Amino acid sequence: MIARGFASQSYFSSLTALLLLCLAGMQAQGTIAPYDCFDPNNRELTFKVRRGEITTICLYIGPGGDWNSNINYKRFSANLIADEFSSYDVPGSFNGIANQKNNGITINNATHIFAASQSSLSFLRRYYDKTAERIFPYLTAIIDVRDGVVRGIAWDDACIFCEKKQCLANTYNLNGSVATSAQIKQSVNGCYLDKIECQGFMADGSNKCDLKLYVVWTGTDADGKVLLSSDSRFSMFPPNRIQENVQGQYDTMKKNIENTLDKIPGFNQGDE
């Protein structure tokens with residue numbers, strides 16, 4: 001299932017048209033009430049997770065650094081079908097965040113995100129590293145549910161999309177410090193793409209580097225039914241198959257760009 005938020009089921013032409021701007025002061029890290037994630041129009045329906053019914057997922061975007069202080073952030077909300085392998089994408093987000101100045105999201109040297117559902121939230125993940133010009137596009141949230149109540153949100157292993165040398169530590173606490181696997185007992189690394197590669201995908205008409213959150217569930221719903229969609233997450237498949245697919249996408253993009261440049265009169269004259 002693919003969702004794009006409450007306001008509309010259609011694509012928006014710009015990032016800002018999609019975003020609900022929320023200017024709020026963050027409270028202490030242990031206080032998560034400001035992040036409560038329910039559909040205000042269907043609160044009773046989404047108050048507990050039931051397999052096959054809608055449940056609300058939120059995606060927060062803001063700066064790197066300490067989220068416990070007063071900051072500006074932006075929030076996306078979507079209703080997904082519980083226990084279906086689902087995704088929520090933000091069309092135009094790569095261009096809006098990485099290629100435009102003063103877009104209201106990138107502050108300091110990075111753009112971080114986290115996922116929320118009910119009153120639980122994930123650790124921070126870096127999406128855009130402005131200094132190194134890297135994009136970390138692979139985001140899968142695993143929603144842990146007990147009797148319909150969300151107890152936690154973990155990140156799936158995002159190192160399966162690339163070779164080991166291209167997978168870096170990419171998970172943070174709300175105070176901005178680096179989170180380790182020993183501390184949080186979950187995967188903390190992620191594969192990146194260079195900004196220039198993402199610009200190539202964008203030029204080729206691909207949204208590969210746009211923000212896209214995949215969501216799966218584990219545990220039990222409000223009726224005691226076992227949630228099984230976590231078995232479909234990317235890390236459950238052989239890494240070599242996934243990496244071959246990623247490499248194939250890159251090779252196709254590169255070939256298409258080269259073919260386009262060859263059609264521009266005089267573009268390659270200096271190479272002859």
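Here the structure is a predicted model, which is why all the values come from computation and not from measurement.
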Heavy-atom closest contact (Ser122 atom, Phe114 atom, distance):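 Minimum heavy-atom separation between Ser122 and Phe114: OG-CB, 3.4 Å.
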
Distance-minimising heavy-atom pair for Thr171 and Arg125: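 Minimum heavy-atom contact is OG1-NE, 2.7 Å.
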
Main-chain N/O of [Y] paired with [X] side-chain donor or acceptor, under 3.5 Å:
| X | Y | answer |
| --- | --- | --- |
| Ser229 | Val216 | no |
| Ser86 | Glu84 | yes |
| Asp194 | Glu197 | no |
| Thr111 | Gly62 | no |
| Asp221 | Arg51 | yes |
| Gln186 | Trp155 | yes |
| Asp210 | Gly92 | yes |
| Ser93 | Leu211 | yes |
| Lys212 | Val90 | no |

SG-SG distance Cys37 to Cys58 under 2.5 Å: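 Disulfide present: SG-SG distance under 2.5 Å.
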
Cys159/Cys191 sulfur gamma separation below 2.5 Å: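 No, because the SG atoms of Cys159 and Cys191 are not under 2.5 Å apart, which misses the disulfide cut-off.
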
Ring pair (Phe, Tyr, Trp, His ring centres under 6.0 Å) partners of Tyr214, counting only residues at least two apart: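 Once residues adjacent in sequence are excluded, the partners of Tyr214 under the ring pair (Phe, Tyr, Trp, His ring centres under 6.0 Å) criterion are Phe85, Phe234.
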
Option passing side-chain hydrogen bond (donor to acceptor under 3.5 Å, both in side chains) with Asn79 (candidates Thr56, Thr55, Asn41):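 Of the listed residues Thr56, Thr55, Asn41, the side-chain hydrogen bond (donor to acceptor under 3.5 Å, both in side chains) partner of Asn79 is Thr56.
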
Flag the pair [X] / [Y] as yes when at least one side-chain heavy-atom distance between them is below 4.5 Å, and no otherwise.
| X | Y | result |
| --- | --- | --- |
| Tyr60 | Lys74 | no |
| Ser87 | Leu213 | no |
| Asn99 | Gln199 | yes |
| Ile57 | Ile143 | yes |
| Met202 | Asn95 | yes |
| Ile54 | Leu80 | no |
| Phe94 | Cys198 | yes |
| Asp144 | Ile153 | no |

To the nearest 0.5 Å, how far apart are [atom1] in [X] and [atom2] in [Y]?
| X | Y | atom1 | atom2 | result |
| --- | --- | --- | --- | --- |
| Ile196 | Arg134 | CD1 | CZ | 14.0 Å |
| Tyr128 | His112 | OH | NE2 | 12.5 Å |
| Ile142 | Ser230 | CD1 | OG | 7.0 Å |
| Leu193 | Phe161 | CG | CZ | 10.5 Å |
| Phe38 | Ser119 | CZ | OG | 4.5 Å |
| Asp66 | Leu174 | CG | CG | 8.5 Å |

Centroid-centroid under 6.0 Å between Tyr172 and Trp67 rings: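 When the ring centroids of Tyr172 and Trp67 are compared, they turn out to be at least 6.0 Å apart.
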
Step-by-step side chain to side chain donor-acceptor pair (under 3.5 Å) determination, Ser177 to Asn175: CA-CA 6 Å; Ser177 63; Asn175 63 10; 2.7 Å; yes

Other residues, nucleotides, ligands: >12 heavy atoms within 6.0 Å of Arg146 CZ: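 Count not over threshold, so no.
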
Common cluster, Ile81/Leu228, ILVMFWY with side-chain heavy-atom separation under 4.5 Å: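 Not linked; separate clusters.
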
Val178 with Leu124, same ILVMFWY side-chain cluster at under 4.5 Å: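 Result: yes, single cluster for both.
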
Geometric class of the Tyr88/Phe76 ring pair [parallel <30°, tilted 30-60°, perpendicular >60°]: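 Perpendicular, since the angle between the ring planes exceeds 60°.
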
Electrostatic pair Asp156-Arg233, nearest N-O below 4.0 angstrom: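 Here Asp156 pairs with Arg233 in a salt bridge, since their nearest N and O are under 4.0 Å apart.
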
Result of checking Asp83, Asp147, Asp223 against Arg50 for salt bridge (charged side-chain N to carboxylate O under 4.0 Å, His left out):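 Single pass found, and it is Asp223.
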
Shared-cluster residues of Leu168, by chain and number - hydrophobic side chains joined below 4.5 Å: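 For the cluster that includes Leu168, the remaining residues are Phe136, Tyr192.
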
Steps toward side-chain contact (heavy atoms from CB on, under 4.5 Å) verdict (Ile113, Leu139): CA-CA 10 Å; Ile113 66 93; Leu139 301 166; 3.9 Å; yes

For Gln183, all residues meeting side-chain contact (heavy atoms from CB on, under 4.5 Å), sequence neighbours excluded: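 If we apply the side-chain contact (heavy atoms from CB on, under 4.5 Å) test to Gln183, skipping adjacent residues, the hits are Phe123, Asn173, Ala179, Thr180.
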
Stepwise side chain to side chain donor-acceptor pair (under 3.5 Å) check, Asp36 with Gln118: CA-CA 5 Å; Asp36 277 359; Gln118 295 182 1; over 6 Å; no

